[in-house]
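Below is one structure; the comments refer to it alone.
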Amino acid sequence: MNQIPEIREGQSIELLKALHILTRDGKLNQDSRRKLKQVYHLFNFIEPLLNDVLSQHENVTLADHGAGKSYLGFIIYDLFFKTKNAGHIYGTEFRAELVKKSRDLAQQCGFERMTFLDMLVEQAASAKEMPAQIDVVTALHACDTATDDAIRFGLDKNARHMVLVPCCQAEVASVLRKHKSQSLAKTPLAELWRHPIHTREFGSQITNVLRCLLLQSKGYQVTVTELVGWEHSMKNELIIASKSPNAPKKQAKERMTQILAELNLEEMQTRFMY
């Protein structure tokens with residue numbers, strides 16, 4: 001039995017030490033406790049999706065984009081994939097030194113069905129190491145347009161499920177700022193982003209709304225909730241998308257077109273109307 005109540009039954013203590021979530025003497029500090037809580041909470045959402053795929057076929061594939069130190073990928077493997085006979089996790093990260101450390105740790109732990117790729121998210125769909133289809137796509141705090149690249153990857157790979165926690169959305173805010181005078185003359189709604197801090201926050205909000213509409217337009221049922229309490233992270237929005245024959249495809253695309261026109265964001269069509 002684990003001595004620390006926050007740690008899941010069956011979780012490898014040595015893995016948590018290697019990830020520096022636990023100290024060498026097996027203790028949690030406050031920052032590690034927060035990080036572990038986030039990853040476990042996200043795993044609570046991901047595990048049912050993996051089981052859904054597993055009910056269809058044994059070889060479940062998951063791609064974790066913007067993996068960083070791969071906390072999420074390693075813990076998913078340890079808690080889910082380790083006891084299965086098949087299945088594979090692919091992690092992408094553009095920082096080569098982090099990819100090397102993840103590869104070394106996977107080998108050290110005997111996690112043979114983990115592959116780490118040194119590349120940007122936008123390069124992953126065409127990577128020869130990636131299979132033609134990926135069942136589940138995750139992107140935890142993938143910055144700015146990397147979340148959009150993860151969505152495109154999921155669409156290209158016909159993913160059954162996508163789990164996204166967006167971060168640092170700046171692109172839409174910059175376009176809102178560029179056309180602010182024109183928008184203020186056009187609609188009173190532009191007061192929502194007149195001030196710089198509102199431009200940033202409104203841009204972030206609209207970015208995620210447009211992402212949800214894109215996913216719906218491609219046949220996904222979308223749920224938006226918070227990942228953990230706001231005291232743990234300000235970038236806290238969790239988007240879960242699952243393939244559904246009942247998703248309102250045509251209406252979602254029409255709404256997206258109307259929003260882009262209303263907010264003077266037509267130049268963003270190539271980003272969100274994939």
Side-chain angles (χ1 to χ4, degrees), residues 1-52 60 62-84 87 89-93 95 98 101-102 105-106 108-109 111 114 116 136-144 146-147 150 161-169 201 204-205 208 211 222-242:
M1 182 177 293
N2 293 317
Q3 294 181 341
I4 304 174
E6 292 94 336
I7 295 177
R8 294 286 186 90
E9 193 68 32
Q11 181 79 76
S12 167
I13 299 300
E14 292 308 310
L15 173 66
L16 294 180
K17 288 181 181 179
L19 291 171
H20 303 292
I21 290 175
L22 289 180
T23 60
R24 290 181 180 179
D25 56 357
K27 294 181 180 179
L28 274 171
N29 60 36
Q30 191 58 39
D31 182 62
S32 295
R33 184 173 279 108
R34 174 189 59 80
K35 190 176 299 178
L36 190 62
K37 180 179 179 180
Q38 276 194 5
V39 175
Y40 277 162
H41 194 60
L42 192 55
F43 177 74
N44 287 340
F45 289 103
I46 295 170
E47 184 180 25
L49 308 181
L50 292 170
N51 281 322
D52 173 63
V60 183
L62 181 146
D64 181 31
H65 290 303
K69 296 179 180 179
S70 297
Y71 294 110
L72 179 61
F74 277 113
I75 287 177
I76 291 174
Y77 193 101
D78 194 38
L79 293 178
F80 187 87
F81 284 80
K82 185 173 65 177
T83 59
K84 306 293 186 291
I89 291 180
Y90 299 85
T92 67
E93 170 57 47
R95 289 167 288 185
L98 295 184
K101 286 180 180 178
S102 293
L105 180 56
Q108 175 188 328
C109 294
F111 292 177
M114 293 190 83
F116 297 96
V136 179
V137 174
T138 62
L140 176 59
H141 293 152
C143 270
D144 201 13
T147 297
H161 303 286
M162 299 191 217
V163 181
L164 311 162
V165 181
C167 183
C168 307
Q169 302 95 312
E201 296 304 317
S204 177
Q205 179 85 352
N208 288 341
R211 286 167 174 163
V222 177
T223 301
V224 183
T225 184
E226 65 178 26
L227 175 57
V228 288
W230 291 104
E231 72 274 12
H232 295 288
S233 174
M234 292 304 292
K235 297 299 181 180
N236 198 41
E237 191 167 332
L238 172 63
I239 300 171
I240 301 174
S242 298

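The shown structure was predicted, so the numbers you read here are calculated from the model rather than taken from an experiment.
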Restricting to non-hydrogen atoms, name the atom on Leu19 and the atom on Lys69 that form the minimum distance, rounded to 0.1 Å.
CD2-O, 4.1 Å
Start with the C-alpha distance between His65 and Val137, add both sets of side-chain angles, then the distance that settles side chain to side chain contact (heavy atoms under 4.5 Å, CB included), and finish with yes or no.
CA-CA 8 Å; His65 290 303; Val137 174; 3.8 Å; yes
Got Phe80 and Leu62 here, is their nearest side-chain heavy-atom distance under 4.5 Å?
no
Val222 versus Ala241, closest heavy-atom pair with distance
CG2-CB, 4.2 Å
Work out which heavy atom in His141 is nearest to a heavy atom in Pro166; give both atom names and the distance.
CD2-O, 4.3 Å
With rounding to the nearest 0.5 Å, note down the distance linking CZ in Phe45 to OG1 in Thr225.
5.5 Å
One pair to check against side chain to side chain contact (heavy atoms under 4.5 Å, CB included): Ile21 and Ile75. What are the steps and the verdict?
CA-CA 11 Å; Ile21 290 175; Ile75 287 177; 4.2 Å; yes
Flag the pair Gln11 / Leu16 as yes when at least one side-chain heavy-atom distance between them is below 4.5 Å, and no otherwise.
yes
If we ignore hydrogens and angles and just use 3.5 Å, is the side chain of Ser70 paired with the main-chain N or O of Phe74 as donor and acceptor?
no
State whether the number of non-hydrogen atoms from other residues, nucleotides or ligands found under 6.0 Å of Lys101 atom NZ is greater than 12.
no
Tyr77 vs Phe81 aromatic rings, parallel, tilted or perpendicular, using cut-offs 30° and 60°?
parallel
Take Ile239 and Met162, measure what side chain to side chain contact (heavy atoms under 4.5 Å, CB included) needs, and give me the verdict at the end.
CA-CA 8 Å; Ile239 300 171; Met162 299 191 217; over 6 Å; no
Leu15 side chain near Phe111 side chain, heavy-atom distance below 4.5 Å
yes
Have a look at Ile76 and tell me which of Val136, Val39, Ile89 forms a side chain to side chain contact (heavy atoms under 4.5 Å, CB included) with it.
Ile89
Between Gly68 and Glu93, what is the shortest heavy-atom contact and its length?
N-OE1, 2.7 Å
Answer yes or no: is there a side-chain heavy-atom contact under 4.5 Å between Arg211 and Gln169?
yes
Is there a side-chain contact between Asp64 and Thr92 in this structure, where contact means two heavy atoms from C-beta onward sitting under 4.5 Å apart?
no
Could you tell me whether the side chain of Lys17 and the main chain of Leu22 form a donor-acceptor pair under 3.5 Å?
no
Do you know which two heavy atoms are closest between Leu238 and Leu227, and how far apart they sit?
CB-N, 4.2 Å
Please round to the nearest 0.5 Å and tell me the distance separating atom CG of Leu36 and atom NE2 of His41.
13.0 Å
Which value, rounded to the nearest 0.5 Å, describes the distance between Thr138 atom OG1 and Phe43 atom CZ?
12.0 Å
What I'd like to find out is whether the side chain of Ile240 reaches to under 4.5 Å of the side chain of Leu49, using heavy atoms alone.
yes
Quick check: do Tyr40 and Arg8 have side-chain heavy atoms less than 4.5 Å from each other?
yes
Do the side chains of Asn208 and Leu164 get nearer than 4.5 Å, heavy atoms only?
no
Straight-line distance of Glu14 CD to Cys109 SG, nearest 0.5 Å
9.0 Å
